[in-house]
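Quick caveat, the model's predicted, so the values are computed rather than measured. The first residue in the sequence is number 1, and the count goes up from there. Keep in mind that the numbers below use all heavy atoms, side chains included, and drop hydrogens, waters and symmetry copies.
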Amino acid sequence: MSTTIVFSLLGGLGLFLYGMRMMSDSLTNVAGAKMRSILEKMTKNTIIGVAVGAAFTAVIQSSSAATVLVVSFVNAGLMNLNEAIGIIMGANIGTTITGQLMAFKLSDIAPLFVLTGVIMIMFCRSANLQKIGEVILGFGILFVGLGTMSSSMESMKDSALVVNTLTSLKNPLLALLIGLIFTAVIQSSSATVGVIMVLASQGLLSLEICFYITLGCNIGCCISALLACIGGKKNAKRAALIHLLINIIGTVVMAILFALFMPQIKYGIMAITGSQNLTGDALNALMARNVANANTIFKCFQILICFPITKWIIKATYIIIPGEDEEKEFSVQYIDNRRKYSPATAIPQCTHEIERMANIARDNLNLAVESLLNLDISKVEEIDTNENHIDFLNREIFEYLNRINQSMLPTEDAEMIGPMYQVITDVERIGDIAKTVGNITETCCKKQYKLDESHKEDIKQLLTLVDEEFVLSIEMFTHKSFEHLNRILKLEDEVD
């Protein structure tokens with residue numbers, strides 16, 4: 001086997017992985033925000049959760065991205081484990097759509113997709129059209145990579161060493177480990193399935209061994225969610241563990257079925273494509289579709305197995321990861337500058353952290369004004385502590401916004417970065433004002449000043465108006481709703 005063939009194979013694999021990553025990221029940028037909104041609202045029912053998880057993963061073409069997103073939601077308290085398990089199961093099904101797409105023989109027209117994508121990126125002025133162009137370009141590069149790998153492996157059929165090594169792979173456990181390790185390294189089960197399809201279509205792997213390698217992919221693809229939960233809360237770790245347990249259970253059951261009924265399963269899969277009586281090149285031509293169909297059918301069957309026992313799977317995670325999170329010193333709750341984050345959840349998590357910061361500022365302002373009205377300095381220390389918390393959150397959120405601003409976010413989310421900087425600046429100023437009022441209270445007490453009752457009533461009335469306006473403004477910001485706009489404008493006039 002020549003060095004040229006090896007380089008061609010590795011280059012094809014590189015193009016394939018890059019195309020898949022580009023397509024997934026671009027699809028997330030185009031549709032991620034809308035799909036995420038659906039995900040947040042339609043997960044109360046597990047069956048609906050499975051359907052939404054499958055659709056979401058089919059759109060963004062990455063089960064790893066979907067499960068990392070779910071782990072991020074659970075860690076931020078935006079989703080519980082009962083809601084998460086449906087999405088995770090659906091993601092296992094949705095990821096097989098990528099294999100179904102790859103089974104189409106599109107390598108010959110892949111350069112057309114590349115050209116179309118490049119033209120859209122270079123000449124379209126609309127940002128959304130450019131993002132769609134990136135999706136098309138990634139799709140084209142993916143199939144160019146597949147075609148390059150296929151051509152390289154066709155040449156490898158002349159190498160006795162390669163043919164003997166691959167065709168002699170008979171050990172199911174070894175095949176399963178190969179799928180597990182390869183998928184864990186490249187963090188993409190779809191990419192592993194793509195490589196299997198190319199090998200199978202060249203007659204280098206038997207269908208039985210392909211079945212076992214795809215089972216290994218099930219467990220290997222869990223690595224992304226496991227990495228995402230490192231340093232997270234216990235529920236986030238349980239969500240990642242749910243993904244692992246579902247895939248382990250499904251893999252074990254399928255492996256047992258293979259051991260007992262492999263001839264029948266193989267015949268059934270091949271019958272779907274009408275290849276049960278074919279041999280040689282005619283069979284090889286349909287092997288990619290056989291692998292893609294097998295991957296889809298096996299994943300659906302595994303979910304059917306696990307669906308009735310979802311409650312027990314969740315209970316198992318509490319046994320493996322017992323207890324609750326310990327209360328620590330004041331810190332961020334929804335974001336973490338030290339952990340890996342999902343671009344699709346970065347803005348929602350940041351929004352909730354800003355909402356938390358705003359609520360502390362609101363409580364502190366009310367506390368400070370009440371202290372002034374009552375000339376009570378006993379709350380001054382609490383006011384100072386709250387102000388320190390607000391300043392801390394301001395710094396953490398500011399750093400987080402700087403960090404995510406350097407990554408590829410969904411288009412709608414990227415547009416929120418600028419306004420968020422303004423919001424945290426304004427909230428921080430409200431915190432400063434509360435501290436100033438606290439200082440005024442101390443001064444009044446030292447100099448034994450007293451407020452006239454009519455002045456107190458005016459201040460109380462003003463505080464009531466400001467407080468209502470603040471609450472409605474934060475709610476409007478958090479939910480991106482114009483529902484309270486007219487009321488806010490009216491309150492602002494009254495405050496003025």
Side-chain angles (χ1 to χ4, degrees), residues 1-2 5-6 8-9 12-13 16 96-110 142-143 145-179 182 189-218 254-301:
M1 184 169 59
S2 69
I5 294 174
V6 174
S8 180
L9 177 63
L13 178 61
F16 176 77
T96 65
I97 301 300
T98 308
Q100 294 292 346
L101 289 174
M102 289 188 292
F104 290 104
K105 305 296 183 182
L106 298 178
S107 297
D108 292 340
I109 61 171
L142 184 153
F143 279 97
L146 268 178
T148 304
M149 283 196 294
S150 183
S151 299
S152 303
M153 291 176 184
E154 190 170 357
S155 302
M156 289 168 63
K157 289 195 295 185
D158 298 328
S159 170
L161 176 63
V162 173
V163 173
N164 290 335
T165 300
L166 292 175
T167 55
S168 63
L169 183 58
K170 305 293 184 183
N171 189 315
L173 181 59
L174 179 59
L176 195 147
L177 286 173
I178 289 172
F182 190 77
S189 61
S190 296
T192 306
V193 171
V195 173
I196 297 168
M197 289 164 63
V198 172
L199 288 169
S201 63
Q202 296 298 332
L204 297 173
L205 282 180
S206 67
L207 193 55
E208 294 92 336
I209 290 300
C210 291
F211 290 169
Y212 282 106
I213 297 177
T214 57
L215 286 189
C217 296
N218 284 352
M254 290 305 304
I256 294 171
L257 292 176
F258 287 166
L260 297 175
F261 307 107
M262 177 58 83
Q264 293 87 340
I265 294 172
K266 178 182 175 182
Y267 182 87
I269 295 296
M270 295 178 71
I272 294 172
T273 58
S275 60
Q276 69 272 28
N277 297 318
L278 300 178
T279 57
D281 291 340
L283 175 60
N284 290 340
L286 290 173
M287 282 294 279
R289 180 59 66 187
N290 282 330
V291 173
N293 288 343
N295 188 37
T296 301
I297 292 169
F298 295 162
K299 289 286 178 70
C300 290
F301 184 70

ask   = Distance only, no hydrogens: is a donor on one side chain within 3.5 Å (strictly under) of an acceptor on the other, for Asn295 and Gln100?
value = no

query = Roughly how far, to the nearest 0.5 Å, is CG of Asn171 from CG of Leu177?
reply = 8.5 Å

key: N/O donor-acceptor pair under 3.5 Å between Ser275 side chain and Ala271 backbone   = no

query = Where do Tyr267 and Met262 land on the side chain to side chain contact (heavy atoms under 4.5 Å, CB included) test, with the steps shown first?
reply = CA-CA 8 Å; Tyr267 182 87; Met262 177 58 83; over 6 Å; no

message = Could you tell me if the side chain of Thr98 sits less than 4.5 Å from the side chain of Leu101, heavy atoms only?
response = no

query = Measuring from Leu199:CG to Ile209:CD1, what's the distance to the nearest 0.5 Å?
reply = 12.0 Å

Distance-minimising heavy-atom pair for Leu205 and Cys210 = CB-SG, 3.9 Å

query = Can you tell me how far the CD1 atom of Ile269 sits from the CD atom of Gln264, to the nearest 0.5 Å?
reply = 12.5 Å

note = Of all heavy-atom pairs linking Met197 and Met102, the shortest is CE-C, 3.6 Å

remark   = Nearest heavy-atom approach of Thr192 to Cys217 is CG2-SG, 3.3 Å

ask   = Any chance the side chains of Thr273 and Asn290 put a donor and an acceptor closer than 3.5 Å?
value = yes

query = Do Ser151 side-chain atoms and Gly147 backbone N/O form a donor-acceptor pair below 3.5 Å?
reply = yes

key: Met270 versus Gln276, closest heavy-atom pair with distance   = O-OE1, 3.6 Å

query = Roughly how far, to the nearest 0.5 Å, is OG of Ser8 from CG of Leu13?
reply = 11.5 Å

request  = Would you name the heavy atoms of Ala103 and Ala292 that are closest together and state the gap between them?
outcome  = CB-CB, 4.0 Å

query = So, Phe258 versus Phe298, ring centres under 6.0 angstrom or not?
reply = yes

Nearest non-hydrogen partners of Lys266 and Phe211, listed with the distance = CA-CE1, 4.0 Å

ask   = Hey, what do you get for CE (Met254) to NZ (Lys299), rounding to the nearest 0.5 Å?
value = 11.0 Å

key: Inter-residue atom distance Ile97.CD1 - Thr296.OG1, 0.5 Å rounding   = 6.0 Å

Any side-chain heavy-atom pair of Leu173 and Tyr212 under 4.5 Å = no

request  = Check whether the ring centres of Phe16 and Phe143 lie less than 6.0 Å apart, and answer yes or no.
outcome  = no

remark   = Given the options Ile196, Val195, Val193, Ile213 meets side chain to side chain contact (heavy atoms under 4.5 Å, CB included) only with Ile196

